[in-house]
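Single-structure report; data block below.
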Amino acid sequence: MQQMFNEGGYWDKTKTGELTTVTLEHRHPSLTAANEPFCTYSQMISYRDASDNEVARVHQYLREDGTIGASGKPDPKRLYVGDTLYRLQKKPKDSVTGA
């Protein structure tokens, strides 16, 4: 999905104003899990077109200085391409623990 997100230029379109952003979640993450500096926010952001339709949803760590943490880029979680929704599915808890 990252490749489709990059090729579609979604993040660049938010910078030029072609897409707008709506913050859906904005909270301090667990420092041990996120490994980000103090006062970094975990955010879920919706990218929307001129008709206010969601075209992408991303997660990002917004640092106090305004930069994006982790990879330095938003991490796409959902993409709408035409009438198709692409989304990441969470793994069942059992698959994480190996039980």
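The first residue of the sequence shown is numbered 1, and numbering continues consecutively from there.
Residues passing the side-chain hydrogen bond (donor to acceptor under 3.5 Å, both in side chains) test with Gln2, sequence neighbours excluded: Asn6. Residues meeting the side-chain hydrogen bond (donor to acceptor under 3.5 Å, both in side chains) test with Gln43, sequence neighbours left out: His26, Gln60. Under the side-chain hydrogen bond (donor to acceptor under 3.5 Å, both in side chains) criterion, Glu25 pairs with no residue, sequence neighbours left out. For Thr20, the side chain to side chain contact (heavy atoms under 4.5 Å, CB included) partners at least two apart in sequence or on another chain are Arg48. Evaluation of the salt bridge (charged side-chain N to carboxylate O under 4.0 Å, His left out) rule for Asp75 yields Lys77 as partners, not counting sequence neighbours. In this view, Met4 and Leu79, Tyr86 satisfy the side chain to side chain contact (heavy atoms under 4.5 Å, CB included) rule, not counting sequence neighbours. Checked against side chain to side chain contact (heavy atoms under 4.5 Å, CB included), Asp65 has the following partners two or more places apart in sequence or in another chain: Arg63, Thr67. Evaluation of the side chain to side chain contact (heavy atoms under 4.5 Å, CB included) rule for Glu18 yields Lys13, Thr16 as partners, not counting sequence neighbours. Evaluation of the side-chain hydrogen bond (donor to acceptor under 3.5 Å, both in side chains) rule for Gln89 yields no partner, not counting sequence neighbours.
A distance of 3.5 Å separates OG of Ser46 from CD of Glu54, quoted to the nearest 0.5 Å. Once rounded to the nearest 0.5 Å, the distance linking CG of Leu19 with OG1 of Thr14 reads 7.0 Å. The structure places CZ of Arg57 at 12.5 Å from OH of Tyr47, a figure rounded to the nearest 0.5 Å. Interatomic distance, Arg78 CZ to Arg87 CZ, rounded to the nearest 0.5 Å: 6.5 Å.
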**Message:** I'd like to know whether His28 forms a side-chain contact (heavy atoms from CB on, under 4.5 Å) with Tyr41, so could you lay out the CA-CA distance, the side-chain angles of the two residues, the decisive distance to 0.1 Å, and finally the verdict.
**Reply:** CA-CA 5 Å; His28 286 290; Tyr41 283 95; 3.4 Å; yes

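Hydrophobic cluster of Tyr80: the remaining members, joined at side-chain heavy-atom separations below 4.5 Å, are Leu85, listed by chain and number. Grouping Ile, Leu, Val, Met, Phe, Trp and Tyr by side-chain contacts under 4.5 Å, direct or through others, puts Leu24 with Val22, Met44.
Cluster membership for Leu88 and Tyr61, using ILVMFWY side-chain heavy atoms within less than 4.5 angstrom, is not shared. Both Ile45 and Val55 belong to a single network of hydrophobic side chains, linked directly or stepwise wherever heavy atoms of I, L, V, M, F, W or Y lie under 4.5 Å apart.
Exactly one residue among Pro74, Pro76, Ser42 makes a side-chain contact (heavy atoms from CB on, under 4.5 Å) with His59. That residue is Ser42.
Aromatic rings from Tyr10 and Phe5 are positioned such that their centres are separated by under 6.0 Å.
Put simply, the side chain of Thr21 does not reach to within 4.5 Å of the side chain of Trp11, judged on heavy atoms.
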